Structure formats: structure tokens, C-alpha cells
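See structure below.
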2 protein chains.
Amino acid sequence: MQVDFQESDFHAALVTSVVVFGFDGDDLKILVAEKKNEPFSGALILPTRVVQPGVAVELAAKELLSTVTGKDDWYLEQLNAFARLYRNPAGRVVNIAYYGLVKLDDQLKTSLRKDDHAWYASDDVPPLAYDHDEILEFARERLKRRVKRRPIGFSLLPREFTLNQLQSLYECALGKSFDKRNFRRKILKSELLIELEKKTDPTSDVKKPSQLYMFNEKKYRKMTLKGYDFVF
Amino acid sequence: MQVDFQESDFHAALVTSVVVFGFDGDDLKILVAEKKNEPFSGALILPTRVVQPGVAVELAAKELLSTVTGKDDWYLEQLNAFARLYRNPAGRVVNIAYYGLVKLDDQLKTSLRKDDHAWYASDDVPPLAYDHDEILEFARERLKRRVKRRPIGFSLLPREFTLNQLQSLYECALGKSFDKRNFRRKILKSELLIELEKKTDPTSDVKKPSQLYMFNEKKYRKMTLKGYDFVF
DNA sequence: TCAAAAGTGTTAATCCTACACCCATGC
DNA sequence: GCATGGGTGTAGGATTAACACTTTTGA
């Protein structure tokens, strides 16, 4: 039972990458970084940083996101550790990757603090360096599962949203489309939504105003914890 | 974008722990180790070993299991990385934990190669040292999810088994009980099982002989990949 | 008045749940 | 013949999937 340590056992570097899904009401996007220094300068990668000794991994990931976006309350969930041997020639690198969700409002969309980061349409992300494609794929699968079992809209939609936006989110995340009537019936039956006394402002686009909803936060939290079946 | 490395970044030790669920036809059991050296000599922990430089983590986990059990084909799945800062006073220790499933036949049950390992009933595992209780709980949750979405019986049951054994497995894993008729209907409808021309040998116990089944392996693989809904 | 998106019900098929008794065997 | 576990069917309610037209608005 070999679990005690020698000096030489402390040989691994620890990094963290994040896959952030943002939804702007129409499309799912992913935050991507461009590598600025060698090796692989110019290559696209997931936002990534080295985890310094004494810093909790999730905290490092959150700080990374704060630095890049200016926003500093992040819900993150660990994806997995990626520790392929050939990850880096300098030695073993363990990447503990996270997945996060965010409402992609105009501010976030246009004002990334670091100019080497950008939002890419989720199903149009160019190939990434290292094994980040694998991490991204893993995150996409996680998102699909989460969407099916938990009411994730809360993290991805603005406070007030329409049923069409919600449906569009589910369709983006799962990559298929649903019958509008069935979708509405199902989502309304859950009583997760509160119908507001408001409609969208029709002035913005050439549109009929649309009923707004918000989440019933109490019920929402219960369901997020317990999980449920929202299988489409 | 800080992703390149300095000497001082390689500061973490890497270990792997495994949560192995074994099913013997009646009960779910978990493989537990007793720590033989200081610190915490005598404490119970999950089977664990330090991952040496140049060894893939999953391979290290498999080797650990081979050494302990003598069996060397293991299906493992990564659980998560556990990297709490206070995990070990010697420095940061990252534990990449795995979960595995095994048919617990008499040989495995009685002939663990190392005498500091033992099988404990799954819901009767004493408190473990370090953060291994947390890892175990994580594994139990994973098992529940897997049971619901994938036909995991293949890994846990003998080649030929009865429907009652299968039901018993589902009941152990999910911690609740099911109606026999409904269970059978559901599992047979999936066409995942092949009814054999055989019954259990009634001589062994004081029992009526019982119909034996095996898995339809082809269909089984398809479902394992795609996932499905076997929600009870 | 037209284009664009919002909104709305019904039906048939399927699936789920609850429920209780007879059967084959070894002792 | 009895104790033990093995095996079986039905009915009512709930859930799902498929389906197309009308409404409101701004231009």
C-alpha cells in the first residue's frame, strides 16, 4: 500500500482549463483563447492557467475567468482530470478542467478584458491545440446530460426570457429541434416558470410582442439538487 | 495566457485511488485497504498508490488492482480529481480517482493477494481516512446514475444469471426495491437479454430452479455507448 | 396587406404503476 | 405437506408524439 511520499513524487505541474458556455438568446458560444507565447504561439486553446502551489484549483479557474471577463461570480463544475502522458514535453502536466455556464449579455460579449480571448459559436470552434478538443468534447457531452436532467436555463438565460428563447437554448445544447407545443406543455407542467405581467418590447425588432417568464427560483434550486427528468 | 512552465511549477504529487464495486449475486461490496505504514497506520482507505512519472494514471490504477486481486482486465472510468489543498501536509497531492465494476466470484472474494485488502458491504463501509469518504460517496452517486442510464449488469453479473439476481443488483445499487413483474417487463422489453435453455441447478440450495439469462452483447455495447433510459 | 414570429388543442399510442396468487422443488 | 423462492397478467391513469392553423404586430 504505497501512499506515502518522497521528495521525488512531487513532479507534476497542475493547470486548469475552463469550457465556458455562453448563451445570448440565439446561439451557444464558447470562450476560446489565443496562445500568445511560444510554443504554439497563435494556436487556439481553452482559457487555461497554471495553478500555483497553495491555490485551490477551482479558485484558480475562477480567477482566470475574472481576469478575462471582468465578471467574478462563476458557477463551475469539475469536468475531469486530463493527464495524458504526452501532454507536455516539459514533464507531466495534469489539467483539471472545469465547465461553466453564463448568460452572454452584450457587455460580456463585447468587452472581454483580454484581447486574446473571444467567443466562438459552439459548433463552429476551430481545432484547438494540446488535447483541448478532447476536453471541449467532454464538456459538450456534460452539457447535454445536464440539460436533460437539470433546469440549467437559470445560468444561461437573462432574468426574464421568452419560451422561444428557452426552447432555442435546449435545441442548441442538444443539437435537435422540438415541437413547440409539446415543449411548452412539458416545461409549463414543471411549474418551474413564473409567467410575468410583461411582454417583450416589440420596438426592437419587427415582431409581435412575446410573453416573458422568469424562473421560480425556489423550485428551481430543489430540482437542481435532486435532478429530474426532462428527457427530450 | 499563462500556460507555459517553469521548473517550480512541477510541484504536485499524483496518486490514484479506485472505488471497485463488486457484486456477488446478493450484495454490492467495495474493496477497502488498510494502511500499513505511518502516518495513520491502521486506518482504512481506498486502494491507492502513487503514480510514478512516465506512467499513465489509468494504467497505474489498473496495476494497483492487478497486484491486489490477481485479476488484470479492468474496466475503469475516471471519477474526478480530488485536489483539496489540505489533502497532505507534505505538499499538494492530486488524487485522480477511478471507479470500477467487477463480478465478485468466489475466487476474487476469498483470494485477495494482499492481506491488507478486504471487501466490505457497500452500505457498511467504516469511515475512511483522508478524503476517501468523499471519493466513495462520489462513486456511489456515479454508480446510481450509471445504473439508471446504462446496462451495467454485464460487468457485475456472472455470464449466466437469473432475473432475480439482476433485480437484486438494481435494488442494491439504487437503494430501493422494485415490483418484480414491472421490473421483468421492463428489462425484457429492452431485448438486452437472451433467455437460455438452462435453469439453475436446484441441488445447491433448497430452491425451485430458476431461468437463466445472458446479455445480448451486441445490443449491450450499442446501449452502453449511446446511453439509454432505464429510469426506475 | 404582407412578412415574421407568437401562440394554441386534440388524438392515438405507449408506458407506468399498483396489485395477489399459483407453482415447483427439496426437505 | 410445507416452507422457500420462482414465476405470472390486467386495468386505469399518465405521458408522449405527431400534427397545422390563427394571431399580432410593424413596416
Side-chain angles (χ1 to χ4, degrees), chain A residues 24-27 147-149 151 157-158 160-172 174 176-214 223 227-232, chain B residues 24-27 147-149 151 153 157-158 160-172 174 176-214 223 228-232:
Chain A
D24 63 4
D26 295 311
D27 289 304
V147 162
K148 284 189 181 187
R149 321 288 298 191
L157 288 169
E160 308 182 342
F161 53 88
T162 69
L163 290 185
N164 285 316
Q165 286 177 311
L166 185 61
Q167 179 168 353
S168 167
L169 166 59
Y170 276 85
E171 291 179 340
C172 286
L174 294 173
K176 49 181 169 169
S177 57
F178 303 107
D179 181 90
K180 213 193 319 186
R181 283 165 291 191
N182 293 339
F183 182 86
R184 278 160 193 245
R185 211 190 337 272
K186 196 164 191 170
I187 205 97
L188 288 174
K189 184 162 52 67
S190 74
E191 295 179 55
L192 224 53
L193 300 187
I194 296 168
E195 184 170 338
L196 301 175
E197 307 283 305
K198 277 182 172 177
K199 305 217 161 200
T200 48
D201 205 351
T203 53
S204 63
D205 245 347
V206 200
K207 267 178 235 165
K208 177 178 172 177
S210 175
Q211 179 62 50
L212 285 167
Y213 293 82
M214 54 181 281
M223 299 213 127
Y228 71 144
D229 275 293
F230 207 87
V231 179
F232 284 104
Chain B
D24 63 4
D26 295 312
D27 289 304
V147 162
K148 284 187 181 189
R149 320 288 299 190
L157 287 170
E160 308 182 340
F161 54 87
T162 69
L163 290 184
N164 285 317
Q165 287 178 312
L166 185 62
Q167 181 169 351
S168 167
L169 167 59
Y170 275 86
E171 291 180 339
C172 286
L174 295 173
K176 50 182 170 169
S177 56
F178 303 107
D179 180 271
K180 215 196 312 190
R181 282 165 292 191
N182 294 340
F183 182 86
R184 278 161 193 246
R185 211 192 335 273
K186 196 162 190 170
I187 205 95
L188 289 175
K189 183 162 53 64
S190 74
E191 296 179 54
L192 224 53
L193 301 186
I194 297 168
E195 184 170 338
L196 301 176
E197 307 282 307
K198 276 181 173 179
K199 305 216 160 199
T200 49
D201 205 351
T203 52
S204 61
D205 245 347
V206 201
K207 267 176 234 164
K208 176 177 172 178
S210 175
Q211 180 63 49
L212 286 167
Y213 294 82
M214 54 182 280
M223 298 212 128
Y228 71 145
D229 275 293
F230 207 88
V231 179
F232 284 103

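Here the structure is a predicted model, which means the values were calculated and not measured. Lettering of chains follows the sequences in order, A, B, ..., and the numbering in each one begins at 1.
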> Under 4.5 Å between any side-chain heavy atoms of A:Leu163 and A:Gln211, yes or no?
Replying inline: no
>> Taking the side chain as everything from C-beta on, heavy atoms only, tell me whether B:Arg184 gets closer than 4.5 Å to B:Asn164.
In response: yes
> Under 4.0 Å between a side-chain N/O of B:Asn164 and OP1 or OP2 of D:dG7, yes or no?
Replying inline: yes
>> Tell me the interatomic distance from B:Phe183, atom CZ, to D:dG6, atom C1', rounded to whole angstroms.
In response: 15 Å
>> Any side-chain N or O of B:Ser210 below 4.0 angstrom from OP1/OP2 of D:dG5?
In response: no
>> Could you tell me how far apart B:Leu166 (CG) and D:dG7 (C1') are, to the nearest whole angstrom?
In response: 16 Å
>> I need the CG-C1' distance between A:Leu163 and C:dT8, as an integer number of Å.
In response: 12 Å
> Taking atom types as they are modelled, is there a donor-acceptor pair under 3.5 Å from the base of D:dA20 to the side chain of A:Arg181?
Replying inline: yes
> Atom CG of A:Asp201 and atom C1' of D:dT24: how far apart are they, to the nearest Å?
Replying inline: 15 Å
>> Tell me if the side-chain of B:Asn182 makes a donor-acceptor pair with the base of C:dA18, cut-off 3.5 Å, by modelled atom types.
In response: yes
> Which residues pass the ring-ring contact (aromatic ring centres under 6.0 Å, His included) test with B:Tyr213, sequence neighbours left out?
Replying inline: none
>> How many whole angstroms separate atom CD of B:Gln211 from atom C1' of D:dT8?
In response: 14 Å
> Is any side-chain heavy atom of B:Lys189 less than 4.5 Å from a side-chain heavy atom of B:Arg185?
Replying inline: no
> Mapping B:Asp179 and B:Lys189 onto DNA chain C by nearest heavy atom, which one lands closer to the 5' end?
Replying inline: B:Lys189
> Which of the following nucleotides, C:dC16, C:dG7, D:dG7, is nearest to the side chain of B:Arg184?
Replying inline: D:dG7
> How close or far is atom P of D:dT24 from atom NZ of A:Lys199, stated in whole angstroms?
Replying inline: 9 Å
>> Just verifying a value: how many Å separate B:Leu212 CG and B:Glu195 CD, rounded to the nearest 0.5 Å?
In response: 10.0 Å
>> Between A:Ser210 and A:Thr200 (side chain of the first, backbone of the second, donor and acceptor by atom type, cut-off under 3.5 Å), is there such a pair?
In response: no
>> Just verifying a value: how many Å separate B:Leu166 CG and B:Phe183 CZ, rounded to the nearest 0.5 Å?
In response: 4.0 Å
> Does any donor-acceptor pair link the side chain of B:Arg185 with the base of D:dT10 at a separation under 3.5 Å?
Replying inline: yes
> Taking atom P of C:dT17 as reference, at what distance in whole Å does atom NZ of B:Lys180 sit?
Replying inline: 18 Å
Might you list the N or O atoms of the protein lying below 3.5 Å from N or O atoms in nucleotides 21-24 of chain C, with each pair's distance?
from: C:dC23; atom 1: O2; to: B:Lys208; atom 2: NZ; distance (Å): 3.1

